[in-house]
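Notes follow once the structure below has been shown.
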There are 2 protein chains.
Amino acid sequence: MKKKITLKLIAKELNVSISTVSKSLKNSKEISEETREKVQAFAKFYNYKPNNIALSLKNKKTKTIGVIIPEIVHYFFSKVIFGIEHIANQRGYNVIIGLSNESFSKEVLNMEMLANGSIDGFILSISKETLEKRDFHHFNETIAQGMPIVMFDRVEDSIKCDKVIVDDLLGSKKAVEKLINSGCNHIAIVTTKDFVNVGALRTKGYILALEENKKALNDSLILKVEDSELIDDNLTQLEQDIEHMLISNPEIDGVFAVNEIYALTVMKVARKLKKRIPEDLQVIGFSDGVLSQNAVPTLTSVSQHAQKIGERAAELLINRLELEDYEEEEMELERYETEVIETELIERESTK
Amino acid sequence: MKKKITLKLIAKELNVSISTVSKSLKNSKEISEETREKVQAFAKFYNYKPNNIALSLKNKKTKTIGVIIPEIVHYFFSKVIFGIEHIANQRGYNVIIGLSNESFSKEVLNMEMLANGSIDGFILSISKETLEKRDFHHFNETIAQGMPIVMFDRVEDSIKCDKVIVDDLLGSKKAVEKLINSGCNHIAIVTTKDFVNVGALRTKGYILALEENKKALNDSLILKVEDSELIDDNLTQLEQDIEHMLISNPEIDGVFAVNEIYALTVMKVARKLKKRIPEDLQVIGFSDGVLSQNAVPTLTSVSQHAQKIGERAAELLINRLELEDYEEEEMELERYETEVIETELIERESTK
DNA sequence: TTGTAAGCGTTATCAC
DNA sequence: GTGATAACGCTTACAA
């Protein structure tokens with residue numbers, strides 16, 4: 001096993017000092033051309049690469065971004081990571097992933113594990129449990145220690161950091177308006193409990209669209225799904241709830257669902273109830289992923305441009321990291337940006 | 001901004017030496033109880049955490065695993081990562097992700113970026129381009145430098161490392177046999193070009209099943225798909241090829257597809273051709289993900305247990321890393337394991 | 001019981 | 001031109 005080659009080793013081998021080697025490799029003209037060439041040739045031959053860890057320690061910069069997400073087996077999040085990786089790599093950064101699995105304590109643990117020098121900054125989306133507890137001390141402490149955070153999608157307004165979100169409210173409003181314009185008169189929504197802020201916003205968009213279009217609001221057409229129903233592919237409870245809603249309110253002719261799974265489940269139940277899509281029932285989902293594209297019928301949905309979200313989050317973070325190199329603490333009070341990525345309604349077969 | 005607290009800082013504050021602080025925090029009884037308590041109280045109060053980078057440099061261990069995968073927006077790979085993360089976290093390791101995007105040069109670049117001290121070992125699945133070029137020097141060099149690799153799914157036999165694979169051949173053989181037992185007489189396969197080893201193995205399993213069951217082999221029932229056809233949700237070329245095969249061979253009553261997308265596309269085309277599934281045509285896919293579970297009709301498929309693959313890969317790597325601490329170089333010639341994760345046929349609606 | 005010093009691999013400052 | 005030295009934050013013989 002070839003030992004990993006270091007400056008020290010090269011120095012010994014060539015009978016020069018470590019600093020001479022270091023300078024030669026940086027092509028410093030303090031060093032004679034002869035020595036430089038000798039050193040460079042040797043280094044190239046043995047494929048010398050400076051040790052990242054030593055550099056990190058010296059520079060107090062790891063060139064690594066920590067990403068904490070609630071779930072990775074999920075089209076939206078993995079696409080966001082794809083976007084983050086794309087920009088990070090391009091700008092010379094690595095990406096380290098931590099999964100919270102929607103758990104508060106895993107989120108805290110993961111952040112502590114990474115915050116001790118392993119990374120330069122965080123990109124994250126808040127876990128459901130954290131949102132429900134509303135305990136954000138770990139974010140504030142991280143920021144207080146001078147480590148910047150960029151939040152995306154599931155963000156918390158009170159935290160001082162950059163944020164990348166989609167126009168959840170407007171996106172769902174447009175979706176519901178599309179249903180209205182396609183002739184739906186009794187539109188239901190399948191959404192999350194309100195502590196998930198994006199769910200709450202999408203519900204708000206639904207209500208707003210109905211109000212503005214003078215459609216009656218009916219509480220029995222608003223289904224707020226218990227989170228556990230989604231766990232472990234166990235969709236039966238969800239199916240029952242949807243079936244119950246569809247049967248007790250046979251006038252429903254349009255459903256807006258705040259994510260893909262809810263939307264597909266609606267279609268599944270509708271099929272069981274012999275409702276034709278889109279003739280009898282039109283369906284729109286939120287978050288345009290493989291499931292929407294491959295559903296039967298294909299699902300009209302609100303695209304969040306997940307990749308773009310990741311790219312912008314990475315850009316915001318890296319910009320801030322590299323800004324810090326120049327500007328100093330005086331900037332403490334600087335502004336944080338909240339960037340809104342526009343959603344887009346992708347029309348497919350599940351609507352008229 | 002609170003500066004990050006270090007041993008040095010505590011030492012100065014408490015008027016003791018750095019080593020006293022270090023020892024106190026480790027509860028060494030070299031140090032008087034009084035001093036220990038004082039230091040520990042102070043450290044706890046200011047929430048001292050040792051700097052990972054410094055530890056890494058000192059210990060020549062980063063407690064970080066590098067994972068290089070061809071694609072992240074993909075149920076199989078993200079589920080593998082989930083498994084890796086699960087074990088890694090449990091054993092105190094972080095996970096750093098690099099995406100090759102199926103490109104040889106990105107794979108090499110990513111590995112070089114991480115191999116210089118950032119990680120202790122790799123878990124990876126080979127990119128298609130690398131498989132096609134058959135240029136594996138970067139793997140061999142990494143291993144020669146003493147950095148262990150564990151390969152999964154898309155592996156290369158000639159590389160000296162641990163591997164985790166599924167029984168691709170047996171899995172597809174069983175799938176095809178299931179079709180035979182369900183009454184299919186003319187079974188087609190939609191597979192990849194042969195350089196993708198898992199694709200080739202699955203093709204082999206198909207052929208074997210037919211031979212053993214005395215079914216005629218017919219080249220026009222073997223569709224080897226050009227890779228580029230999958231790019232960018234643009235499946236039209238794939239659809240055309242499948243449609244052509246189904247039309248020119250109307251006797252086909254069963255199709256085995258080596259991944260989810262191929263399988264769904266088969267079902268889509270079949271629907272277009274007014275073939276009922278499973279009455280007229282039975283379909284089985286490989287790789288059981290959300291798409292199979294949510295397809296209409298739901299898709300019978302061969303589950304690879306992606307999470308388990310990730311978990312075993314992580315265990316093999318970490319075991320080797322921690323073994324190295326004790327055993328020394330004499331073990332150079334030690335054996336590498338190839339672990340086979342059994343596949344499982346999940347029967348759903350697309351077969352009888 | 002406490003402190004000094006070397007070392008992990010680099011870079012930068014300052015002497016020679 | 002070249003090299004010694006200190007520093008990044010930590011651990012650990014070894015000295016005091």
Side-chain angles (χ1 to χ4, degrees), chain A residues 3-40 42-43 46-64 115-120 145-147 325, chain B residues 2-40 42-43 46-64 114-120 145-147 325:
Chain A
K3 273 251 141 315
K4 194 83 189 124
I5 194 151
T6 65
L7 291 187
K8 195 192 208 173
L9 232 145
I10 301 182
K12 196 169 74 183
E13 216 58 39
L14 260 42
N15 279 311
V16 290
S17 77
I18 295 180
S19 30
T20 302
V21 176
S22 174
K23 286 171 187 163
S24 299
L25 291 176
K26 304 208 108 74
N27 236 319
S28 156
K29 30 196 149 131
E30 274 182 52
I31 307 295
S32 73
E33 195 157 335
E34 194 193 336
T35 312
R36 260 187 287 162
E37 280 174 3
K38 188 175 62 179
V39 172
Q40 288 176 10
F42 189 94
Y46 285 102
N47 193 26
Y48 167 79
K49 293 274 168 49
N51 179 306
N52 281 334
I53 295 291
L55 286 178
S56 297
L57 185 59
K58 181 119 249 285
N59 303 331
K60 304 184 135 229
K61 289 220 147 45
T62 60
K63 290 276 197 174
T64 301
N116 302 304
S118 304
I119 61 161
D120 296 338
Q145 298 202 341
M147 178 161 298
D325 295 352
Chain B
K2 292 191 290 199
K3 274 251 140 319
K4 194 83 191 127
I5 194 152
T6 66
L7 290 187
K8 196 194 210 174
L9 231 147
I10 301 182
K12 198 168 72 183
E13 217 57 40
L14 261 42
N15 279 311
V16 291
S17 77
I18 295 180
S19 48
T20 303
V21 176
S22 174
K23 287 171 187 161
S24 299
L25 291 176
K26 304 206 108 76
N27 236 319
S28 155
K29 29 196 151 136
E30 275 183 50
I31 307 294
S32 73
E33 195 159 335
E34 196 193 334
T35 312
R36 261 187 284 162
E37 280 174 3
K38 190 175 60 178
V39 172
Q40 288 177 8
F42 189 94
Y46 286 102
N47 194 26
Y48 168 80
K49 295 274 168 49
N51 179 306
N52 281 335
I53 296 291
L55 286 179
S56 298
L57 185 58
K58 179 113 251 277
N59 303 332
K60 305 185 135 231
K61 289 220 147 49
T62 60
K63 289 278 197 172
T64 302
L114 295 180
N116 302 304
S118 303
I119 61 161
D120 296 337
Q145 298 203 341
M147 178 161 300
D325 296 351

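Lettering follows sequence order; numbering is per chain, from 1. Excluded from the calculations below are hydrogen atoms, water molecules and symmetry mates; all remaining heavy atoms, backbone and side chain alike, are included.
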### Summary
B:N51 CG to D:dC10 C1', in whole Å, measures 8 Å
### Task
Determine, stepwise, if the pair A:K23 / A:V39 fulfils side-chain contact (heavy atoms from CB on, under 4.5 Å).
CA-CA 10 Å; A:K23 286 171 187 163; A:V39 172; over 6 Å; no
### Query
How would you label the contact of B:I18 with the nucleic acid (heavy atoms, under 4.0 Å): base, sugar-phosphate, or nothing?
base
### Query
Any sub-3.5 Å donor-acceptor pair from A:S22's side-chain atoms to A:I18's backbone N or O?
no
### Query
Using a cut-off of 4.0 Å on non-hydrogen atoms, how would the nucleic acid contact of B:T35 be classed: base, sugar-phosphate, or nothing?
sugar-phosphate
### Task
Please state whether the phosphate of C:dT11, meaning OP1 or OP2, lies under 4.0 angstrom from any side-chain nitrogen or oxygen of A:S22.
yes
## Note on the structure
Regarding the side chain of B:K58, the nearest nucleotide among D:dG9, D:dG3, C:dT10 is D:dG9
### Message
Can you see if the side chain of B:K60 gets near the phosphate of C:dG9 - specifically, an N or O under 4.0 Å from OP1 or OP2?
### Response
yes
### Query
Can you find a side chain N or O atom of A:K8 that sits less than 4.0 Å from OP1 or OP2 on C:dC8?
yes
### Nearest-nucleotide comparison on DNA chain C, the residue closer to the 5′ end among A:K23 and B:I31
B:I31
### Query
Rounded to the nearest 0.5 Å, how far apart are CD1 of A:I5 and CD of B:Q145?
9.5 Å
### Query
Would a distance-only check, ignoring hydrogens and angles, find a side-chain to backbone donor-acceptor pair under 3.5 Å from B:N59 to B:K61?
no
### Message
Tell me the interatomic distance from B:L7, atom CG, to D:dC8, atom C1', rounded to whole angstroms.
### Response
13 Å
### Message
Please confirm whether the shortest side-chain N or O distance from B:K26 to OP1 or OP2 of D:dT11 is below 4.0 Å.
### Response
yes
### Message
If you compare every side-chain N and O of B:Y48 against the phosphate oxygens of D:dG9 (OP1, OP2), does one of them come in below 4.0 Å?
### Response
no
#### Entry: Heavy atoms from other residues, nucleotides or ligands near NZ of A:K49 exceed 12 (cutoff 6.0 Å)
yes
### Task
Could you tell me whether the phosphate oxygens of C:dA5, OP1 or OP2, come under 4.0 Å of any side-chain nitrogen or oxygen in B:S19?
no
### A:K29 NZ to D:dG1 P, straight-line distance once rounded to whole Å
12 Å
## Note on the structure
note: A:I53, atom CD1; C:dT10, atom P; distance rounded to Å ~ 12 Å
### Query
Roughly, in whole Å, what's the span from CG in A:N27 to P in D:dG1?
14 Å
### Query
Of the nucleotides D:dG9, C:dG3, C:dT10, which one has an atom closest to the side chain of B:E30?
C:dG3
### Query
When we call it a touch if two heavy atoms are under 4.0 Å apart, what does A:L55 touch: a base, just sugar-phosphate, or nothing?
sugar-phosphate
### Task
Starting at atom CG of A:N116, determine the distance to atom P of D:dG9, rounded to an integer number of angstrom.
13 Å
#### Entry: Protein-nucleotide distance (A:L14, atom CG; D:dG3, atom P), rounded to Å
11 Å
### Query
Does the side chain of A:T20 get closer than 4.0 angstrom to OP1 or OP2 of D:dT2 through an N or O atom?
no
#### Entry: OP1 or OP2 of C:dT2 under 4.0 Å from side-chain N/O of B:S32
yes
#### Entry: Distance in angstrom units between B:N59 CG and C:dG9 P, rounded
12 Å
### Task
Check the pair B:L7, B:L25 against side-chain contact (heavy atoms from CB on, under 4.5 Å), reporting the backbone distance first and the verdict last.
CA-CA 10 Å; B:L7 290 187; B:L25 291 176; 3.7 Å; yes
